Structures are given as structure tokens and as C-alpha cells.
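For reference, the structure is listed below as C-alpha cells.
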Number of protein chains: 2
Amino acid sequence: MLLPAPIQNLINAFERLPGIGPKSASRLAFYLLRAPEDIPTQLAEALLAFKTQTAFCPECFNIMLNGREHCEICESPARDESILCVVEEPMDVLAIERIGAYKGKYHVLHGVLSPIEGIGPEDIKIKPLLARAAQGQVKEIIIATNPSMEGDATALYLRQQIQPLGIHLTRLARGLPVGGDLEYADQNTLLRALSGRQEMG
Amino acid sequence: MLLPAPIQNLINAFERLPGIGPKSASRLAFYLLRAPEDIPTQLAEALLAFKTQTAFCPECFNIMLNGREHCEICESPARDESILCVVEEPMDVLAIERIGAYKGKYHVLHGVLSPIEGIGPEDIKIKPLLARAAQGQVKEIIIATNPSMEGDATALYLRQQIQPLGIHLTRLARGLPVGGDLEYADQNTLLRALSGRQEMG
């Protein structure tokens, strides 16, 4: 038996999302067959609206409402514009904002350098970052790329480019995750925790 | 920082789907921000179309294209109408059709009896099943509810109702899953495999 086309189309559309395989896709589609009407409608409307109603901030490349000049963070006078935190994706901004401890501004690269995937400095927002750095008001740049091979390569590339500008350059600390267990930490994490050991004052 | 409303709406809509928590929902939304335009559009269109374009077969309650009189299986002259396979959900029909060995017809209950959730015989498609059984052409009914507490309770209830009609009543075999390992089988499965042991002919 072939599934009726409208259901098969829905399964196919779900399958194109990351992390949703054929089984989850059909489970979702069959769930929606019996779910309250507004669940699929609400999702459909949100899917159609979000692209036209959002844009990237021309200053920091975080997401913002379409039609605004800059994102909320760039526009806020409460944020310290002498510190920039450089992240890979808009989601990372959200993660850092959630801790509520950072009062500087951001710069979203929209990717990382990855020679294997053919992603070079021109393909991510490095040039606009260097332009912001060269304007003079930035005193510290915190590199907050992921602790991955590509994240590290991107951090090293940025160091090369930013060091000549005489800006204080830092990066997020590596070490044992809080609540983690030393016994289960991988060798690299343990090595970083050891070599980066902090004074107990 | 609050997320722009269109993104937050999209995250909320994803979160209403089963098996998608807050983290997966935001990952999906942020993925779609950078994904090819047609991925969200295709999903939105499929979501809006499937409800109006499908319906349940009035005979077996499987899904069918809206506007047809019956589903493909009920309409097919190649299917043996003397055997009915009773399943919980339309997805189960798909699972049995995939093995390609069953040539009878189906009956989809759209649920199982569950006193805890307040689901009684009137809430699922038991009456129409008994009506089909009473018409006379059905010689065997295969109960293919899930091997769960609710599935078993539903099977027992159906036996009570169907036995007086003098129809041959069977249910799917319980035992070791093919490719499984006896050592890892749970006690109940092993007990069922032993008590239901089959002749080697």
C-alpha cells in the first residue's frame, strides 16, 4: 500500500529537517492526523512568517525583526560597546544571554572556517568583524567559537587578524564541565583543565 | 535578550510536536533561518494540505484521499474480505503492508482501551468492527494490537465481543524477536516464547 500523497508529502517535508529520520517523520505525520487542528496550522503559519519577518542585524549579524535598523542588543545603550563576544551562530548568542552575566555586544560569524567543507574567511562574517574592530572603541574581543577543531581553527585565524590591532583578545576557558565527573572526562578536556589550571587566590 | 517573536513562535510551534523538546525546537528554528527557502515552505504547505486532503475510510478507518468512497485496500478486489486484521493506528497498517504477506483487509481502532486515560469501548472504533463482523463474510479476525497492557486488555475485550459470533479469532504471535538475543530478552518475552513454543514439524 502506498500512503495517500498528502501524508507522504508531509513525511517527506519533515524528513528534510535535521535530526528527523524516516521513522520520526512518519510518527509526526501520523500524530498530526489525530492532533487538534491548530497544531499543524500554527506550525505552518510560523513557518511561513518567520523568514519574511526576521532579518540579520547589519552590525552584529544576530537575528532581529525585519524593518528595524539594528538588533535589540546593538541598539541598547546599556550594553558595553568596548567588548565584543564572537560566536558562530545566533543560537550561541541566546546561550550566553541566558546566563545573564555578559553585558558587552556580540558578533555572529554565521559559520566557522572549514577547509574540508570549502568554507574560507570570505564565506563567514570575518571582514565585518575586522571592520568593527578597526573602528577604535572595541577594547576586548572574546572568542566564543565552539571547542571543536573548526572552532579552534577559526579562533587561531582571528587571533592572527586581530592581534596587529592591539585589542585585548581572550577566549572562553576550557576545562571540566561543572557537575561533570573527572573520571569520565576525555583526555583532551583533562589536559586542557590541567594546563589551564586556575589560581585559588 | 528575548528572541524576535517570529522565531519564538516557530520554536513554540515545533515544541507542540511529540518528541520535540525545547532544545530540539530551537535547533530546528535556527536551522531553518539559514536553510534553503523551500524547506520551510514545503513543510508549511504539506501541513496545510494534509488535513483537508485526507479522510478516514468509513469501512476500515484507515487513511484515504478525501473524496473517495473507501480506501484503496477496502476497494481492492484482490484483498480477501474473509480476513480482518485489527490494529490500533493507521501506522500499524503501513507496518503490516510493508511485509507484503497479508492479503486480507484491516480495521483501525484509532486507539486502545485505557481505563486510566478514560478511554472506553465507545471511544474507539469497536462498534463498527462488531458491525462488520456481524455481516457474515468475515471468517477470521486477527487481533494485532500492540503487545502492551492496553493492547492486551483491548484484545481480551474484543475476544469477549467476537467469540459469540463464531468467528475464528487469532492474534499475532509473541516470542523472541528475530535477530534478538535470548540472553537479553526480558522475562515476559521469554515466558511467552516458552509457553507459545511452536512445533518443528
Side-chain angles (χ1 to χ4, degrees), chain A residues 1-7 9-14 16-20 24 26-56 62-66 68 71-73 76 89-91 93-94 96-98 110-111, chain B residues 1-14 16-20 24 26-56 62-66 68 71-73 76 89-91 93-94 97-98 110-111:
Chain A
M1 182 190 76
L2 281 168
L3 277 174
I7 297 291
N9 291 343
L10 183 59
I11 295 176
N12 296 346
F14 272 127
R16 295 184 70 188
L17 301 179
I20 297 188
S24 318
S26 17
R27 221 169 288 135
L28 287 171
F30 280 96
Y31 163 79
L32 289 176
L33 270 181
R34 297 209 297 152
E37 191 91 28
D38 70 309
I39 292 187
T41 321
Q42 186 193 341
L43 179 55
E45 283 163 5
L47 284 163
L48 294 173
F50 85 98
K51 273 263 178 172
T52 53
Q53 293 178 5
T54 57
F56 293 116
N62 191 10
I63 343 160
M64 61 172 200
L65 278 178
N66 204 350
R68 295 185 70 151
C71 73
E72 273 180 66
I73 295 176
S76 165
E89 301 293 345
M91 267 193 96
V93 172
L94 198 63
I96 296 177
E97 285 298 290
R98 259 194 224 112
H110 285 275
Chain B
M1 181 190 76
L2 282 168
L3 277 174
I7 297 290
Q8 191 60 56
N9 291 344
L10 183 58
I11 295 176
N12 295 347
F14 272 127
R16 296 183 71 188
L17 300 179
I20 298 188
S24 316
S26 20
R27 220 169 289 135
L28 287 171
F30 281 95
Y31 163 80
L32 288 175
L33 269 181
R34 297 208 300 151
E37 190 93 28
D38 70 309
I39 292 188
T41 321
Q42 186 193 342
L43 180 55
E45 283 163 5
L47 284 164
L48 294 173
F50 85 98
K51 272 262 178 172
T52 53
Q53 293 178 7
T54 57
F56 292 117
N62 191 10
I63 345 160
M64 61 171 200
L65 278 177
N66 204 349
R68 295 185 70 153
C71 73
E72 272 181 66
I73 295 176
S76 164
E89 301 293 347
M91 268 193 95
V93 172
L94 198 63
E97 284 298 289
R98 258 193 225 112
H110 285 274

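Naming convention: chains lettered A, B, ... in sequence-line order (proteins, then strands); numbering from 1 in each chain. Note that this is a predicted model, so its numbers are computed, not measured.
Note: Gln42(B) leads Gln53(B), Arg98(B), Gln42(B), Glu45(B) in heavy-atom pairs under 4.5 Å with chain A. With chain A as partner, the option from Ser24(B), Ala49(B), Gly19(B), Ala44(B) having the largest number of non-hydrogen pairs under 4.5 angstrom is Ala44(B). Highest contact tally toward chain B, considering only Ile39(A), Ile11(A), Asn66(A), is held by Ile39(A) [criterion: heavy-atom pairs under 4.5 Å].
If you measure heavy-atom distances from Ile20(B) to chain A, the contacts under 4.5 Å come from the side chain alone. At a 4.5 Å heavy-atom cutoff, the contact between Tyr31(A) and chain B is made by side-chain atoms alone. In this structure, chain B has a heavy atom under 4.5 Å from the side chain of Glu89(A), while its backbone stays farther away. Within the 4.5 angstrom heavy-atom criterion, only backbone atoms of Met64(B) (N, CA, C, O) approach chain A.
The CD1 atom of Ile7(B) sits 10.5 Å away from the CG atom of Leu94(A) when rounded to the nearest 0.5 Å. Between the CG atom of Leu43(B) and the CG atom of Asn12(A) there is a distance of 11.0 Å, given to the nearest 0.5 Å. Separating the OG1 atom in Thr54(A) from the CD atom in Gln8(B) is a distance of 13.0 Å, to the nearest 0.5 Å. Here the straight-line distance linking atom CG of Leu3(A) with atom CZ of Phe50(B) works out to 13.0 Å at 0.5 Å rounding.
Annotation for Leu17(B) and Phe14(A): closest pair CD1-CE2, 3.9 Å, computed over non-hydrogen atoms. When all heavy atoms are compared, the tightest approach of Ala35(A) to Lys51(B) is O-NZ, 3.1 Å.
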Verdict with reasoning, Leu47(B) to Thr41(A), per side-chain contact (heavy atoms from CB on, under 4.5 Å): CA-CA 7 Å; Leu47(B) 284 164; Thr41(A) 321; over 6 Å; no
Steps toward side-chain contact (heavy atoms from CB on, under 4.5 Å) verdict (Arg16(A), Asp38(B)): CA-CA 10 Å; Arg16(A) 295 184 70 188; Asp38(B) 70 309; 2.9 Å; yes
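Counting only distance, with no hydrogens or angles, the side chain of Arg34(A) and the backbone of His110(B) share a donor-acceptor pair below 3.5 Å.
Side-chain contact between Pro18(B) and Leu28(A): present, with at least one pair of heavy atoms (C-beta onward) separated by less than 4.5 Å.
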